[in-house]
Amino acid sequence: MPMVNRRNVPPGLLRHLLDRIQERRIPAEDLEKLARWLDREPEVPEGPWYKRFPGMVACGEGELIKTFLLPTQLPRGKRVD
């Protein structure tokens, strides 16, 4: 199982993630929780996955986080803890 890639994120994807943070008003506290989770170098499935936080859902595929959803939006893929 791959680990989430925090480095070498494609520039277009990074812009997309920053746009979603701003558009969806993702709380700073959730970004801190995301950072702490990433510090643990979590393993994630090869395909689509998601991780729930109180004010957002991080959605990824393989080693990359692909977007951030609001808690009321439905993610696809396998839930990771």
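These numbers come from the heavy atoms of this one structure, side chains and all, not from hydrogens, waters or symmetry mates. Since the model is a prediction, treat every value here as computed from it, not as a measurement.
Judged by distance alone, the side chain of H16 and the main-chain N or O of T67 form no donor-acceptor pair under 3.5 Å.
Minimum heavy-atom separation, E46 to P2: OE2-CD, 3.5 Å. For the residue pair G55 and P27, the shortest heavy atom distance occurs at O-CD, 3.9 Å. Contact detail for P75 and C59: the closest heavy-atom pair is CB-SG, 3.9 Å.
Under 4.0 Å is where a charged nitrogen must lie from a carboxylate oxygen, and between R6 and D39 at least one such pair does.
Atom CZ of R20 sits about 4.0 Å away from atom CD of E23, to the nearest 0.5 Å.
In the hydrophobic clustering (ILVMFWY side chains linked at under 4.5 Å, chained through shared members), L38 is joined by V4, V9, L13, L14, L17, L18, I21, I26, L31, L34, W37, V44, W49, F53, M56, L64, I65, F68, V80. The hydrophobic cluster around Y50 extends to V57, L69, counting ILVMFWY residues whose side-chain heavy atoms fall within less than 4.5 Å of a member.
Remark: M3 CE is loosely packed, at most 12 non-hydrogen atoms of other residues, nucleotides or ligands lying under 6.0 Å away.
By the 4.5 Å heavy-atom criterion applied to side chains, P54 and K33 are counted as neighbours.
Applying the side chain to side chain donor-acceptor pair (under 3.5 Å) test to residues at least two apart or on different chains, none of the pairs has a partner in residues 51-62.
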